[in-house]
Amino acid sequence: MSDTRIKLQLSGLEPLIVTEDSNFVNVGERTNVAGSRRFLRLIKDGQFEEALSIAREQVEGGAQILDVNMDDGLIDAKEAMVAFLNLIASEPDIARIPIMIDSSKWDVLEAGLKVVQGKAVVNSISLKEGEQEFLRQARMIRMFGAAVVVMAFDEEGQADTYERRISICQRAYTLLTHQLDFPSNDIIFDPNIFPVATGMEEHKTNALDYFNATRWIKQHLPGSLVSGGVSNVSFSFRGNTSVREAMHAAFLYHGIQAGMDMGIVNPTLLEVYDEVNPTLLELVEDVLLNRKSDATERLLEHAEQFRSDTAIEKIEEWRSWPVEERIRHALVKGIVEYIEEDTEAIRGEFDHPLQVIEGPLMDAMNVVGDLFGSGKMFLPQVVKSARVMKKAVAYLTPFIEALKSGDRQFHGKILLATVKGDVHDIGKNIVGVVLACNNYEIIDLGVMVPLDTILSEADSKEVDMIGLSGLITPSLDEMVHVATEMGRRKMNIPLLIGGATTSRVHTAVKIAPHYDQVIHVDDASRAVTIARNLLSADAPLHLANARETYRNVAENYASRQEQKTYATLEEARANKWKCDWAMYDPPQPKEPGLHYYRDVPIAVLREYIDWTPFFHTWEMRGKFPEILDHEEFGHEAKRLYADALETLDRWQEDTPIGIRGVCGFFPAFSRDEQVIIDTPRGNSTLYFLRQQSKKAAGSNNYSLADFIAPEETNRHDWIGAFAVTAGLGLAEICADLEADHDDYRSILFKALADRLAEAFAEFLHEEVRTTLWGYSSDEQLNNERLISEDYRGIRPAPGYPACPSHLEKRAIWDLLNVEKEIGMKLTDQLAMYPAASVSGFYFAHPDSRYFGVGRVSRDQVEDYASSVGESPEYIEHWLTNQLNY
C-alpha cells in the first residue's frame, strides 16, 4: 500500500520524505560561496577539509538538505564541486542528508551529479536556452535519479505575469512528464516572487499572480511542488522591519493557502499572522491581493507609524476585554499573572468547573495548537502557554475534587519514558508539553526507566500509546529490547520512537522488524499529527503506510550496504594516517597530574557559551546571533535569549547548581587502535575504532590512536582526559518547577545547564592548551574562533563520531577518580549523570582532527572484544549503530 501523502523523496545515506504533513524544508545554505564569506574564503584557499566543518555544522544545526554552490569568478567551480562532494561522501555524519547541487552552469551541475551520493536535487534548469537544451539537461538529471528546481524562465526571459508563469510551467511540466516520463514528485517549480508596492502599475499584481500561479500549478500539474524567495516581495520597504515582517507573514499565509510547499527567506523578522496589527494587516493584504486601486499609496502613507517595534496597543488594554477573550489572549501570549483571577471570574458561568477546562481553556489551547501546527507559533511560546494552562487547571482541581464527579475528556492517554540507562529528557519533556497542550493525557515516567516498568505501567494505566526517548547510542539497543518484548507479549498499541540519536533508518532496520506498530517522531511539531492519526478511525491505514515505508527504507538501506565496500581491518591499518614521528617532538605537560575545579564562576563560563545549540533545543534552527533576526522566529528568539540572560544573571549572584570538573595528563603510546596509558596504578588501555570504509586515493582510514606516537618510535607522548558538569542539584530544582507547573523554566534551566557544561569544557580546554599542558601558551582567540575550533588539538568525546564507543568513559572515570572527587556518575548504559555533563580526551598533535568512524566490520569488533577481554556480542551491544553487518 503506497502513501499518497508523500510529496517528495530525496536521500543522502538516509531518506528525506516530505509529506502533506511536513513543514517547509530547511535547506542549509552556508556551503554556498555566495551565502558564506568564510566558506568562500576556505574554498578559494583550497582548505576543503576545513570547509567540510561548515557542512557538518549545517547538518548538526538541523539542515534537511545541504545546498552546495561553487559559482565564483576566482574558483574553478566544476573542480571544486567534485572535490567537495567527494569529501562529503567520505563523512557519514554529513552525507546522511541529501545534497542540492546548485549552479548556473550546466557542466558544474553535471559533474556534481556524477559523484553525489543518494538522490539529490538540482538547482536549477529552465527553458531560457530552448526546449532541446532543457530536455537534454532534464534527461541527464532523470538518468541520475535526481529531483529538479525549474525556474519560470523561457527564451523571452523571466515570467512576470500570471499567464506567463503558468504557460512556462505548463510547458516545462508537459515536456518533462510526457517526453521524459520525469516523476512529477521530483519537479519543484519556482514561479518567481517579485516586489509589490513599488509605485509601478505593472507590479500591483506581482503577489497575486504568484498566489494564483501556485494554485493553478497545484491544480493542473499534479504531484509537482512550489517554492520561492519570500523576502523579495517586501523589497520596497527595506529598513521598515515592522511592515516587512507583516508582509512576509501575510504572504506566507496566502502562499501556503494556495499550495506553496517551500519558502526561501532572508534573515528578518516574521510576525505570527494572527498577531499582526489588524490595521497594518489590512493595508498589507490590500497590496498583496490588489484589493484596492490606491492600496500602495495607503500603505506608504501609513508605513511610518508602524516602524516602531513596540506594541501599538497599550500592554494592559486587553484586561478590559471579556473574560473568555482574556483567557485566550493569556494562553496565546503565555501570560500567567492573571490566569487564576480570570479562571475564577469565568468559573461561575459554568455548572461544573470541569466545563471550564473542556470549554474556554481547551478552546484557547486549540488556538495555540493550530498556530503551532501551522508554523505560526514556536516551542518557547507553546511551553509558556502550557504553563498558563497548567496553572488554570491546578486552580480548578480543588473545586473538581470537592464535587467528586466528572472526568476530563482527553483525546488520548500517552506514556512517555526515557529508556533504561539514559538521563536525558529535555526533548521528551518538550514533546509531552506539546501533546498536553493538544489535550492528550501524559504519563511521564521520567528517566532511566526499565523495560518492565514501562510495559507494566502501560498495562495498568491502559494507555493508548507508548513514547520512548533516548540520547546516547546504547539507548537505541534498549528501544529494540522494549519493541521485542512488546511483540512477544502481543501488545496492540503504537510505539513512538524519538531522541537525538534515533532516525528513520534505525527505526526501520532495527526496531520495526520486532514490532509492527512503530513510528519514528523526528520533532515535537510532528508529535501531535502522529498522535491524532494513530487515534483516529484511519489508524490502521496510517500504521500500514508506516510499515510499508519502513520496509522500503530497510530494503534501500540493505541495498546501499551491499553496494558499499569496506576494507579489512588489516587493510585499514595499512592505510592509517602516518606522521614523521622522527621530526615531531611531543609537548610535555607543564603541569602534569590531576587538576580539580570546583564551583567555577558562571561569570567566567558564560563568556564561552555557544548559543546556537540552545536555540536548537527549542527547535529554532539557525546560527547565533543571526537567529535573533530570523524571518520566522526572530522575535521569539530574542525573547527567549533575554530570559536566558536574565536567568544567568540571577545564577551569577547566587549559583543554585554545582559546577565541577577535573582533567589530567598521562604518558602514552599507541599500538594499532589502542592507546596504552601509564598511570601510578599501572597501565590502562583505551581502544579507538578505525574507519573501515574504502577510501579514495590520498584519503586515510583514521583512528584517534594515530595521533599518539606509536610504541616503536620511542617518542614520549601524552594524552589527556577530562570530565565536567554544570548540573549538580539541577534535577531537584527542575522537579520543583514542574510541580509548580512551570515547564518553561524547567526546560530553560536544563538547556542553560547543558550550555554551561559545554562552555566549561571549552574553558577547560583553553586552560589545558595555554597553561596546564601549555603547548599553545601564546594563543589568543575570541569566542567565535573558539566555537569554530581554530586552535591546535582536539577533545573528542566517547559516543561521538570519532570515538563512538561509550565504553571508554569507564577509563576516564577510573583515570580521573571522577565520581568520588566531583560527583558525576555513569549509569549502567554509560550515560553521564547529571545530564548536563561532558567528558572526553585531549590530543595535542597539531594535525589531530575530528572525523567520523562510520560503520565497522566484524573483524574489528572481534579485535576490540579480544583487546578488552569481552565477547563480540558484548561489543556489538555498545556499537549497535556502527555495525556494517
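Both backbone and side-chain heavy atoms feed into the values below; hydrogens, waters and symmetry mates do not. Throughout, residue positions are numbered sequentially from 1 according to the sequence presented.
Asn533 places none of its side-chain heavy atoms less than 4.5 Å from the side chain of Asp538. A 4.5 Å side-chain heavy-atom check between Met100 and Val68 finds every atom pair outside the cut-off. Considering only heavy atoms from C-beta on, Asp154 stays 4.5 Å or farther from Lys128 through its side chain. You'll find the side chain of Phe615 stays beyond 4.5 Å of the side chain of Lys623, heavy atoms only. Considering only heavy atoms from C-beta on, Met465 comes within 4.5 Å of Leu496 through its side chain. The shortest distance between side-chain heavy atoms of Val505 and Pro15 falls below 4.5 Å. Using a 4.5 Å heavy-atom threshold, the side chains of Phe144 and Lys119 count as separate.
For Asp464, the side chain to side chain contact (heavy atoms under 4.5 Å, CB included) partners two or more places apart in sequence, or in a different chain, are Lys413, Leu535. Applying the side chain to side chain contact (heavy atoms under 4.5 Å, CB included) test to Tyr162 and every residue at least two apart in sequence or in another chain returns Ile166, Asp209, Asn212, Ala213, Trp216. Remark: His506 pairs with no residue by the side chain to side chain donor-acceptor pair (under 3.5 Å) rule, at least two apart or across chains. Taking the side chain to side chain donor-acceptor pair (under 3.5 Å) definition, one finds that Asp71 meets it with Ser103, Ser104, sequence neighbours left out. Looking at residues two or more places apart in sequence or on another chain, you find a side chain to side chain contact (heavy atoms under 4.5 Å, CB included) between Ala95 and Leu13, Ile88, Gln117. Tyr440 pairs by the ring pair (Phe, Tyr, Trp, His ring centres under 6.0 Å) definition with His411, not counting sequence neighbours. Shown here are the side chain to side chain donor-acceptor pair (under 3.5 Å) partners of Ser167, two or more places apart in sequence or in another chain: there are none. By the ring pair (Phe, Tyr, Trp, His ring centres under 6.0 Å) test, Tyr210 is found to be paired with Phe251, residues two or more places apart in sequence or in another chain being considered. For Glu155, the side chain to side chain donor-acceptor pair (under 3.5 Å) partners at least two apart in sequence or on another chain are Arg171. Under the salt bridge (Lys or Arg N to Asp or Glu O under 4.0 Å) criterion, Glu201 pairs with Lys204, sequence neighbours left out. In terms of the salt bridge (Lys or Arg N to Asp or Glu O under 4.0 Å) criterion, Arg504 has no residue partners (sequence neighbours excluded). Among residues two or more places apart in sequence or in another chain, the side chain to side chain contact (heavy atoms under 4.5 Å, CB included) test is passed with Ile97 by Val59, Ala63, Leu66.
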Checklist entry - Going through the checks in order, is the side chain to side chain donor-acceptor pair (under 3.5 Å) test met by Glu245 and His635? => result CA-CA 10 Å; Glu245 68 182 40; His635 179 67; over 6 Å; no

Checklist entry - Which is it for Leu176 and Val150 under the side chain to side chain contact (heavy atoms under 4.5 Å, CB included) test, yes or no, and what are the steps along the way? => result CA-CA 10 Å; Leu176 290 171; Val150 178; 4.1 Å; yes

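Remark: Arg328 does not engage Glu325 in a salt bridge, criterion side-chain N to carboxylate O under 4.0 Å. A salt bridge does not link Arg165 to Asp160: none of the charged side-chain nitrogens sits closer than 4.0 Å to a carboxylate oxygen. Salt bridge annotation for Glu636-Arg639: present, with a cationic side-chain nitrogen under 4.0 angstrom from a carboxylate oxygen. The pair Asp186-Arg142 does not meet the salt-bridge criterion, since no charged nitrogen lies less than 4.0 angstrom from a carboxylate oxygen.
Within a 6.0 Å sphere centred on CD of Glu202, other residues, nucleotides and ligands contribute more than 12 heavy atoms.
Of the possible donor and acceptor atoms, one in the side chain of Ser385 sits under 3.5 Å from a partner among the backbone N and O of Leu331.
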